[in-house]
Number of protein chains: 2
Amino acid sequence: MNANAKDLDLYLEELKSIVKKRGLKYSLQREQILKVLFNAQKHLTPEEIYNEVKKENSTIGLATVYRTLSFLEREEMVSSISFGSEGKKYELNRGEHHDHMICIKCGKIIEFFDEELERLQEEIAKKNSFKLITHQMNMYGVCKECQE
Amino acid sequence: MNANAKDLDLYLEELKSIVKKRGLKYSLQREQILKVLFNAQKHLTPEEIYNEVKKENSTIGLATVYRTLSFLEREEMVSSISFGSEGKKYELNRGEHHDHMICIKCGKIIEFFDEELERLQEEIAKKNSFKLITHQMNMYGVCKECQE
DNA sequence: TTATGTGCAAACTCTTTGCATTACC
DNA sequence: GGTAATGCAAAGAGTTTGCACATAA
């Protein structure tokens, strides 16, 4: 059992406990969708998730993917991001908050976390009597590779 | 002639010069859409813009609004923002860049500008060899009024 | 057993496109 | 007069919903 497999188990446990807490049911589909999100090294569209799950479970429906993503987002296990004219993309919440640098050439999304940025926002919110819940900082530009 | 009327004229002049530069044509519809964006005190959906223009010009088509918004965004006269499950909303670019605080209760968008935030981003981009072009910082939370 | 989840298809919303007509230059 | 813009309707994309059936608890 490697570290990754262990981590996945933790997510599956979390899913089980949420499902139980809400009096809902655990299903293979929910597990498969979560697994795909876990294994992805990037943000995925519902369509991409659907195609990925389909490799293991040819009968899954796209509607199930949409329903599951809404459910997982409501339960804060995944987050979505959308930019430009592209649709929503989803990622698994891996604990700590982060922001995004988005390459306008290749579409790659680079995640980052900056302590000072977090502090600064709190300050700006306070200054405006705004009760901050979450934020999304998206920086658009050209990634290192695409500059060459 | 008040200050506002003067400002609007400047935007109309800018539109005329862009249209000329591109070898395109000036139209009443483009002018009316720009005027609506100028008068709006908030971000507008294409549908809202369409309804607003319709009050003065009952034959305008929704497709024209979409086409004009794409055009104005391409020419950097307007910007769009989209959040949550809501569609895109548009605003006139009034010269200086700003970020947004979005109230999750009433949907209000509060604009702000913070010098230090701008500086910090440049720094983060540089640290990651990312060529920054623009950014969007969206802070989600509850506005002063909705906290009461 | 019984309520929830699923798959399918239809419906819906938002946006884009083709085309004949209009209007700008 | 020639070309771009418009309005309309139809087509597309992305997403949601209704319903019968399957399945977890």
Side-chain angles (χ1 to χ4, degrees), chain A residues 12-13 15-36 43-75 77-78 80-90, chain B residues 12-13 15-36 43-75 77-78 80-90:
Chain A
L12 296 178
E13 284 311 318
L15 176 58
K16 272 175 200 158
S17 108
I18 287 170
V19 158
K20 187 174 233 171
K21 188 171 67 187
R22 298 269 181 262
L24 303 176
K25 289 169 185 168
Y26 195 78
S27 73
L28 177 62
Q29 290 85 340
R30 284 175 177 171
E31 180 173 319
Q32 290 174 320
I33 289 165
L34 187 59
K35 218 178 264 185
V36 166
H43 295 62
L44 299 174
T45 62
E47 191 80 30
E48 287 170 332
I49 294 166
Y50 170 69
N51 287 324
E52 205 55 41
V53 173
K54 210 156 196 192
K55 291 178 186 169
E56 298 224 324
N57 175 357
S58 65
T59 64
I60 194 170
L62 186 50
T64 299
V65 174
Y66 276 101
R67 282 186 284 231
T68 301
L69 288 172
S70 297
F71 168 70
L72 291 174
E73 190 168 25
R74 209 178 323 121
E75 297 297 336
M77 282 198 73
V78 311
S80 64
I81 178 177
S82 90
F83 65 94
S85 52
E86 295 184 31
K88 272 193 186 180
K89 292 184 174 184
Y90 292 82
Chain B
L12 296 178
E13 284 310 317
L15 176 59
K16 272 175 199 160
S17 108
I18 288 171
V19 157
K20 187 174 235 173
K21 188 172 65 187
R22 298 270 181 260
L24 304 176
K25 288 168 185 170
Y26 195 79
S27 73
L28 177 63
Q29 289 86 340
R30 285 175 175 170
E31 180 173 317
Q32 288 174 322
I33 289 166
L34 187 59
K35 220 179 262 184
V36 166
H43 296 62
L44 299 174
T45 63
E47 192 80 30
E48 288 169 331
I49 294 166
Y50 169 70
N51 288 325
E52 203 56 40
V53 173
K54 211 156 195 190
K55 291 179 185 168
E56 298 224 322
N57 174 358
S58 64
T59 64
I60 193 170
L62 186 51
T64 299
V65 175
Y66 277 101
R67 281 187 283 231
T68 301
L69 288 172
S70 297
F71 168 71
L72 291 174
E73 189 168 25
R74 208 176 326 120
E75 297 298 335
M77 281 199 74
V78 310
S80 65
I81 178 176
S82 91
F83 64 96
S85 53
E86 297 184 30
K88 272 194 186 179
K89 292 184 174 185
Y90 292 82

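The analysis underlying the following values was restricted to heavy atoms, covering all of them including side chains, and did not include hydrogens, waters or symmetry mates. Quick note on labels: first sequence line is chain A, next is B, and so on, each numbered from 1.
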Nearest-angstrom distance from the residue atom CD1 of A/I49 to P of D/dT15:
11 Å
Mind running side-chain contact (heavy atoms from CB on, under 4.5 Å) on B/F71 and B/L24 for me, showing each step along the way?
CA-CA 11 Å; B/F71 168 71; B/L24 304 176; 3.8 Å; yes
For atom CD of A/E73 and atom C1' of D/dT16, their distance in whole Å
15 Å
Measure the CG-OG1 distance between B/N57 and B/T59 for me, rounded to the nearest 0.5 Å.
4.0 Å
Flag for B/E73-B/S80: side-chain donor and acceptor within less than 3.5 Å:
yes
Its contact letters, B for base, S for sugar-phosphate only and - for none at protein heavy atoms under 4.0 Å, make nucleotides 17-25 of chain D read BB-----BS
Please give me the minimum heavy-atom distance between B/V78 and B/L69, naming the atom from each residue.
CG2-O, 4.1 Å
Distance below 4.0 Å between A/Y66 side-chain N/O and D/dT15 OP1 or OP2:
yes
Using modelled atom types and a 3.5 Å cut-off, is there a donor and acceptor pairing between side-chain atoms of B/E75 and backbone atoms of B/L72?
no
If you round to the nearest 0.5 Å, how far is NZ of B/K54 from CD of B/E47?
9.0 Å
Less than 4.5 Å apart, any side-chain heavy atom of A/L44 and any of A/E52?
no
Taking atom P of D/dG14 as reference, at what distance in whole Å does atom CG of A/N51 sit?
12 Å
Note: A/Y90 and A/P46 closest approach over all heavy atoms is CE1-CG, 3.9 Å
A/L62 CG to D/dA13 P: how many Å, rounded?
14 Å
Please list, in 5' to 3' order, the outermost nucleotides of DNA chain C lying under 4.0 Å from any heavy atom of chain B.
C/dC14 to C/dC25
If an axis is fit to five pairs at each end of the helix from C/dT1-D/dA25 to C/dC25-D/dG1, what is the angle between the two, to the nearest 10°?
30°
Does some side-chain heavy atom of B/T45 sit less than 4.5 Å from a side-chain heavy atom of B/K88?
no
Shortest non-hydrogen contact between B/V65 and B/I33, atoms and distance
CA-CD1, 3.8 Å
Let me know, please, whether B/I60 or B/G23 comes out on the 5' side of the other along DNA chain D by nearest nucleotide.
B/G23
Has B/T68 got a side-chain atom pairing as donor or acceptor with B/T64's backbone, closer than 3.5 angstrom?
yes
